[in-house]
Amino acid sequence: MKLTQLAYKTLRDTGSDAETSSHALLLQAGFIHQLGAGIYSYLPLALKAIKNIESIIRYEMDKTGAQEILMPHIQPQELWDLTGRTTAFGDNLFTLKDRRQRGLVLAPTHEESVTTISKSIIQSYKDLPFTLYQIQTKFRDEARPRAGLIRVREFSMKDAYSFSANEDSLDEIYESMAIAYKNIYQKCEIPVLMAEADSGAIGGKDSHEFIYPTESGEDTVITCSNCQYTANVEKAIGILPAENHDTEAPQAEISTPGVTTIEEVCNFLNINANQTLKSLCYSADGQLVMVCIRGDLNINEVKLKHILNATELRAASTAEIEQEGLVLGSMSPLGISNINIIGDTSIVTKKNLTAGGNKPGTHIVNINYQRDFHVNQIADISTVTEMHLCNECNGKLEAVRGIEIGHIFKLGSFFSESLGLHFTDQDGKQQFPLMGCYGIGVGRLLAAVVESNHDDKGIIFPKNVSPYQVHLIALNANDETCYEKAHAIYDSLWDHGVTCLFDDRTDQSAGVKFRDSELFGIPLQVIVSPRNLNNDICEIKLRKTLETYSVPLGETIDHIVNSI
RNA sequence: CGGGGUGUAGCGCAGGGGUAGCGCGCCUGUUUUGGGAACAGGAGGUCGUAGGUUCAAAUCCUAUCACCCCGACCA
């Protein structure tokens, strides 16, 4: 491709809207164009890179034996009603009506359709296992699109869906997918953490996320500095060192007018937050639940939801709390017996805590679990912090921000049961296949490639992803000899099967050409100029290091072919 | 959905009742050509949208829309 023919426009300034490096660079290099919030076009250079990422993914999927299919984006809403996901996705679901006013869904993912398709394929255990995958656009009406390609409303995703007759088969496929994913990230030169993840509303046995660590990410992963333990903070468990060596002191009521928050209590009494007991109320499927935790920690609502086996969990409203006679700001489990109370394990790690007095403007000091109050259940419901130690090895835990660039799930039989997909096993009994699903956001992967491979001058593409293999620059394309020689190299490279972008512009200075080549990030640059031609050489420049060296003109093609 | 911010030329921004501005980019010409060239000339705007106030609105008021950031949300 010649630059004089390429539809592109590089920008001198990065757009003021762009906060993350991938967003800024993809805009500045003219790779993407925004049409609306979270709605982007991929321009020619970006699409080349996307296609390369897709072919890496296809190769790794095909290697596992997965088979590619295409499915409809527009799906009957009835299908989604069967699995209850019309409600589960809620406002995130794009819906529309056809001319007969029948409800349709713009598919945010494809479990419903792939499961339905499989009903026509699976009858016997002999038909299992198999894995289907797709690389297709998905639609989600995200509450807040952000950061360029990181969180968008229309996006391309590779999703694979496996169907197995038994757990062993599912485990085997899951394992092979994890390996394929690691290979994909490696080829894209993106470092990843494989983290245990919450399996979400649908449940299922195992789930792992692949997280690219970066400050601009939306997820937090807890990782052990000593062992392999890595988990999303939603799921992570840790242990708090017990500090309950003190002897239990007599409790005493203290007047604390106007003091309601943990911070205010600490300031008022000049104590640390870890010497307080924090009590909160939640509404779990309409039932009020009191939750107690050490004051310096936070509730992990995902864990709490699991403990309560609740489908809907939210903070209780002031009205709901007061209806039970509880006092906001001075709430505690002291003397409370008519409400379900869950205590975090942290409340037994320390003695002589300070808690609310269940009367306005009152707190009680030196309260101790069991001596002074009881709960219905002690459970791990805290969000792991760097104060926690690793549950596996007692090592130090670290919190890392990152972008989720892949997620694999063991779904179990949820979809096969709700959509009536079954098979006959060896004993002639009807069974539901066990499913797994394995997703990678393709556009997000491109963003992650750029995030993890750039410098202050522009993108530095890994060679497997780069839109072209070589960026050929005719420094002075006005010079007839220079242009012709460069053009000969261009033709020859294509003849040798090397893809090449040719900066043949006659109206741009050397500086502009170098800047653009650095923005585009094609790994290998070839510089042809009158000066070089006079010396009978050609210059090779590596984008990553910006290192330059000369090769004899006659050996240019061979050299390039050998070095890519 | 809450909080904050921004909408003026392709991009980045200034201007705050009285002729629509700057830088970059764009077009034409001349000279240039190894790190975002110089000079000369030129094109490009219903100032997000709709109402209102006013002799007069990009500017003041009201509403509304869009986009960005933080949070909530998020298989």
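The analysis underlying the following values was restricted to heavy atoms, covering all of them including side chains, and did not include hydrogens, waters or symmetry mates. Numbers restart at 1 for each chain; the letters A, B, ... are given by sequence-line order, proteins then strands.
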Set of residues satisfying ring-ring contact (aromatic ring centres under 6.0 Å, His included) with respect to A:His487, sequence neighbours excluded:
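A:His487 satisfies ring-ring contact (aromatic ring centres under 6.0 Å, His included) with A:Tyr483, A:Tyr490, A:Phe502 once adjacent residues are dropped.
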
Checking side-chain polar atoms at under 3.5 Å, does A:Thr10 have a donor or acceptor matched by the opposite partner on A:Asp516?
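Note: A:Thr10 and A:Asp516 side chains meet the donor-acceptor criterion.
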
Provide the distance between the two [atom1] atoms, one in [N] and one in [M], to the nearest whole Å.
| N | M | atom1 | answer |
| --- | --- | --- | --- |
| B:rC11 | B:rG18 | C1' | 31 Å |
| B:rG15 | B:rG51 | P | 28 Å |
| B:rU53 | B:rC1 | P | 32 Å |
| B:rG29 | B:rA43 | C1' | 15 Å |
| B:rU8 | B:rU49 | C1' | 14 Å |
| B:rG48 | B:rA57 | C1' | 16 Å |
| B:rG44 | B:rA9 | C1' | 6 Å |
| B:rG36 | B:rG25 | C1' | 12 Å |

Return the value, rounded to whole Å, for the distance between atom [atom1] of [X] and atom [atom2] of [N].
| X | N | atom1 | atom2 | result |
| --- | --- | --- | --- | --- |
| A:Trp80 | B:rA75 | CH2 | P | 12 Å |
| A:Phe414 | B:rA75 | CZ | C1' | 11 Å |
| A:Arg401 | B:rG71 | CZ | C1' | 12 Å |
| A:Tyr8 | B:rG25 | OH | P | 13 Å |
| A:Asp503 | B:rU33 | CG | C1' | 13 Å |

Please list, in numerical order, the residues of residues 29-42 of chain A that have a heavy atom closer than 4.0 Å to any atom of RNA chain B.
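Under 4.0 Å from RNA chain B: A:Gln34, A:Gly36, A:Ala37.
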
Within residues 476-488 of chain A: residues closer than 4.0 Å to RNA chain B (heavy atoms):
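Of all residues in residues 476-488 of chain A, the ones placing a heavy atom under 4.0 Å from RNA chain B are A:Asn476, A:Asn478.
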
Nucleotide-resolved protein contact map, nucleotides 34-40 of chain B, B/S/- at heavy-atom distance under 4.0 Å
BBBS---

Could you tell me if the ring centre of A:Tyr549 sits under 6.0 Å from that of A:His559?
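When the ring centroids of A:Tyr549 and A:His559 are compared, they turn out to be within the sub-6.0 Å range.
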
Give a yes or no on whether [X] atom [atom1] has more than 12 heavy-atom contacts from other residues, nucleotides or ligands under 6.0 Å away.
| X | atom1 | result |
| --- | --- | --- |
| A:Glu68 | CD | yes |
| A:Lys138 | NZ | yes |
| A:Glu175 | CD | no |
| A:Lys544 | NZ | no |

Does a nitrogen or oxygen in the side chain of A:Arg146 sit under 4.0 Å from OP1 or OP2 of B:rG71?
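Checking A:Arg146 against B:rG71: no side-chain N or O falls below 4.0 Å of OP1 or OP2.
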
Check the chi torsion on B:rU19 and let me know: syn if it falls within 90° of 0, anti if not.
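That one's syn.
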
Test side chain to side chain contact (heavy atoms under 4.5 Å, CB included) applied to [X] - qualifying residues, sequence neighbours left out:
| X | result |
| --- | --- |
| A:Asn166 | A:Asp168, A:Ser169 |
| A:Pro72 | none |
| A:Ser452 | A:Ile190, A:Pro191, A:Tyr212 |

Between the protein and nucleotides 72-74 of chain B, list the N/O to N/O atom pairs that are separated by less than 3.5 angstrom.
| residue | atom | partner | partner atom | Å |
| --- | --- | --- | --- | --- |
| B:rC74 | O2 | A:Arg151 | NH1 | 3.1 |
| B:rC74 | O2 | A:Arg151 | NH2 | 2.9 |

Looking only at non-hydrogen atoms, find the nearest pair between [X] and [Y] and report the distance.
| X | Y | value |
| --- | --- | --- |
| A:Ser22 | A:Val450 | CA-CG1, 3.7 Å |
| A:His471 | A:Ile473 | CD2-CG1, 3.6 Å |
| A:Cys482 | A:Leu475 | SG-N, 4.4 Å |

Worked verdict on A:Ile537 versus A:Leu553 for side-chain contact (heavy atoms from CB on, under 4.5 Å)
CA-CA 4 Å; A:Ile537 57 159; A:Leu553 195 54; 5.8 Å; no

Please list, chain by chain and in numerical order, all residues satisfying side-chain hydrogen bond (donor to acceptor under 3.5 Å, both in side chains) with A:Ser113, sequence neighbours excluded.
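Residues passing side-chain hydrogen bond (donor to acceptor under 3.5 Å, both in side chains) with A:Ser113: A:Gln75.
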
What pairs with A:Ser416 under side-chain hydrogen bond (donor to acceptor under 3.5 Å, both in side chains), at least two apart in sequence or on another chain?
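So A:Ser416 forms no side-chain hydrogen bond (donor to acceptor under 3.5 Å, both in side chains) with any residue.
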
Result block: side-chain N/O donor-acceptor pairs under 3.5 angstrom for residues 35-46 of chain A, not counting sequence neighbours:
| residue | atom | partner | partner atom | Å |
| --- | --- | --- | --- | --- |
| A:Tyr40 | OH | A:His23 | NE2 | 3.3 |

Contiguous pairing runs of three or more, Watson-Crick or G-U under 3.5 Å, that involve RNA chain B:
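Counting only runs of 3 or more consecutive pairs, the stems involving RNA chain B are B:1-7 with B:65-71, B:10-13 with B:21-24, B:26-31 with B:37-42, B:48-52 with B:60-64.
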
Within the structure shown, what part of the strands sits under 4.0 Å from A:Ala474 by heavy-atom distance: base, sugar-phosphate, or nothing?
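Result for A:Ala474 = nothing.
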
